[in-house]
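Each chain gets a letter, A, B and so on, in the order its sequence line appears, and its residues count up from 1.
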Amino acid sequence: MNSRRIAIGWLVWSGFVVGGLGYGVCAAENNRKPVLSAEATEALARAESSVDLATAKKALWTTAASALVQAQEAAKQQDDAAVMKYAAVANEQAALGMAQLDSPLTSQH
Amino acid sequence: MLSCLGMLAFSTEALSVSPEQERLNRVQAVQQKYPDIKFEDYVHGALAFSADAKAQYENMMAFPPFESEIDKGRQLWETQFNNGKRYADCFPGGGKNVVGNYPYYDETMKKVVTFEMALNQCRTNNGEAPYKQADMNTMGLLTAYARTLSDGMLMNIKVKGGGALAAFESGRRFFYQRRGQLNFSCASCHVDHVGEILRTEYLSMLPGQATHWPAFRGGDYTLFTLQRRYSACNQLVRAVPMEIGGEEYNNLEYFHSYLSNGLPLKSSVFRK
């Protein structure tokens with residue numbers, strides 16, 4: 001009877017140990033998930049800064065604003081390539097919006 | 001290079017003519033291009049270019065399908081504040097024939113005051129919270145009725161003094177400044193290509209544009225105040241719009257309304 005109890009106890013404890021190890025492995029795998037590259041992080045920060053500046057100058061284009069949103073969404077998905085692509089569009093379109101302020105006024109001649 | 005210099009020279013010139021000269025220039029330009037359209041018909045905007053569209057408009061305005069919305073605005077206008085006063089107590093003549101004087105430049109406040117701002121001043125002076133100017137269910141409906149009390153009044157905007165002129169120039173610059181990814185200014189359509197067809201619609205003329213707001217637009221008669229229309233136009237050229245009721249649009253409305261001087265108001269009308 002005693003040996004039976006010991007065997008059951010051993011099985012229970014070994015289950016905890018195996019379970020714990022499994023959890024540890026999963027956690028380690030989760031920690032190894034790819035993070036956004038430094039290059040993509042920098043591109044996103046640059047795009048956010050450009051859009052902020054264009055907003056402050058009241059020169060923001062909707063295309064710049066929506067590209068930034070797409071870049072931020074891509075960053076949540078840790079998608080480096082998409083972040084770089086959309087951040088570049090946001091950065092360029094924000095710069096063009098600000099440059100537009102210096103263009104001559106229009107009118108009929 | 002020379003053409004660039006020429007354009008720069010023009011932009012300086014555009015900002016140096018007086019408000020009245022600017023208005024006369026714009027009216028004369030339309031008269032030269034469309035001599036058959038009478039000055040008083042400029043208030044019909046794009047409808048003035050199409051007899052069919054104008055006839056449809058007149059049929060619709062005989063029994064406006066959005067009349068119940070104007071009634072909601074009348075109820076807002078007539079509802080007493082908690083202190084027993086009404087909007088009519090805030091304006092001369094009970095609010096009749098006043099809108100043609102808005103916007104004006106307030107020397108004390110050092111800024112342009114629109115009719116919507118005056119309505120909100122009336123509310124706050126009587127202990128009520130101001131409406132959000134972009135809220136069509138409150139401010140929009142209120143103006144849909146209140147502005148009709150000035151139907152027939154001639155637009156009569158004044159620009160006097162340095163502050164007023166600076167606000168006018170700010171509005172003028174906004175009107176002629178290219179915006180958005182499509183690189184259009186307001187003037188690109190409504191001055192340079194007035195009367196031409198963009199997609200399926202005629203482009204209305206600048207003089208008269210400020211006389212008929214708010215308007216009920218499209219198949220579902222969506223209520224648009226003038227500044228909501230500015231916002232929509234900005235979005236159409238892919239520019240992030242300014243704040244409705246903010247300084248930029250207020251100054252634009254000041255300029256825009258001055259350019260409609262001498263034309264009769266007709267509020268809460270249908271527009272495509």
Side-chain angles (χ1 to χ4, degrees), chain A residues 36 40-77 79-109, chain B residues 3-17 22 25-26 28-30 32-33 169-170 172-196 205-206 231-232 234-243 246-249 251-252:
Chain A
L36 206 58
T41 306
E42 190 186 326
L44 181 59
R46 204 179 315 122
E48 285 172 335
S49 171
S50 296
V51 166
D52 283 349
L53 196 56
T55 303
K57 292 187 172 197
K58 316 249 175 180
L60 185 63
W61 294 359
T62 55
T63 46
S66 59
L68 180 62
V69 169
Q70 285 176 297
Q72 288 166 333
E73 286 301 315
K76 285 180 195 164
Q77 307 299 319
D79 183 344
D80 270 13
V83 169
M84 302 279 285
K85 175 182 158 192
Y86 291 122
V89 172
N91 202 35
E92 183 199 33
Q93 301 278 297
L96 287 169
M98 288 185 279
Q100 192 179 44
L101 293 175
D102 296 327
S103 62
L105 303 181
T106 66
S107 189
Q108 194 172 30
H109 295 275
Chain B
S3 64
C4 286
L5 285 173
M7 289 167 88
L8 285 170
F10 173 78
S11 61
T12 310
E13 184 267 333
L15 295 176
S16 62
V17 298
E22 167 91 18
N25 288 349
R26 294 307 158 214
Q28 283 166 7
V30 179
Q32 280 170 10
K33 195 169 179 183
E169 293 295 356
S170 164
R172 173 151 60 183
R173 178 167 282 278
F174 193 108
F175 193 84
Y176 291 106
Q177 174 74 60
R178 292 182 185 277
R179 278 170 206 285
Q181 192 194 37
L182 299 190
N183 207 27
F184 277 34
S185 70
C186 307
S188 299
C189 290
H190 299 291
V191 173
D192 297 350
H193 294 282
V194 58
E196 295 170 28
M205 59 285 273
L206 165 56
S231 176
N234 281 170
Q235 288 178 75
L236 282 174
V237 298
R238 299 181 191 162
V240 172
M242 308 290 151
E243 179 197 359
E247 187 181 9
E248 291 83 7
Y249 281 170
N251 289 344
L252 175 60

Non-neighbouring partners of A/Glu73 that pass salt bridge (Lys or Arg N to Asp or Glu O under 4.0 Å), sequence neighbours left out: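 Here the qualifying residues are A/Lys76.
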Chain B-proximal positions within residues 46-58 of chain A [heavy-atom distance under 4.5 Å]: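 The list, in residue order, reads A/Lys58.
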Residues 82-101 of chain A: residues contacting chain B (heavy atom under 4.5 Å, by number): A/Gln93, A/Gln100, A/Leu101
Quick one: pull up [atom1] in [X] and [atom2] in [Y] and give me the separation to the nearest 0.5 Å.
{"X": "B/Phe175", "Y": "A/Leu105", "atom1": "CZ", "atom2": "CG", "answer": "12.0 Å"}
{"X": "B/Leu182", "Y": "A/Thr63", "atom1": "CG", "atom2": "OG1", "answer": "9.0 Å"}
{"X": "A/Trp61", "Y": "B/Asn183", "atom1": "CH2", "atom2": "CG", "answer": "6.5 Å"}
{"X": "A/Asp102", "Y": "B/Arg178", "atom1": "CG", "atom2": "CZ", "answer": "13.5 Å"}

Contacts of B/Ala232 that satisfy side-chain contact (heavy atoms from CB on, under 4.5 Å) - sequence neighbours left out: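 Applying side-chain contact (heavy atoms from CB on, under 4.5 Å) to B/Ala232 gives B/Phe224, B/Arg229.
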Atom CD of B/Glu196 with >12 non-hydrogen neighbours under 6.0 angstrom: yes
Heavy-atom pairs under 4.5 Å with chain A, option from B/Ser185, B/Gly180, B/Ala187 with the top count: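 Ranked by heavy-atom pairs under 4.5 Å with chain A, first place is B/Gly180.
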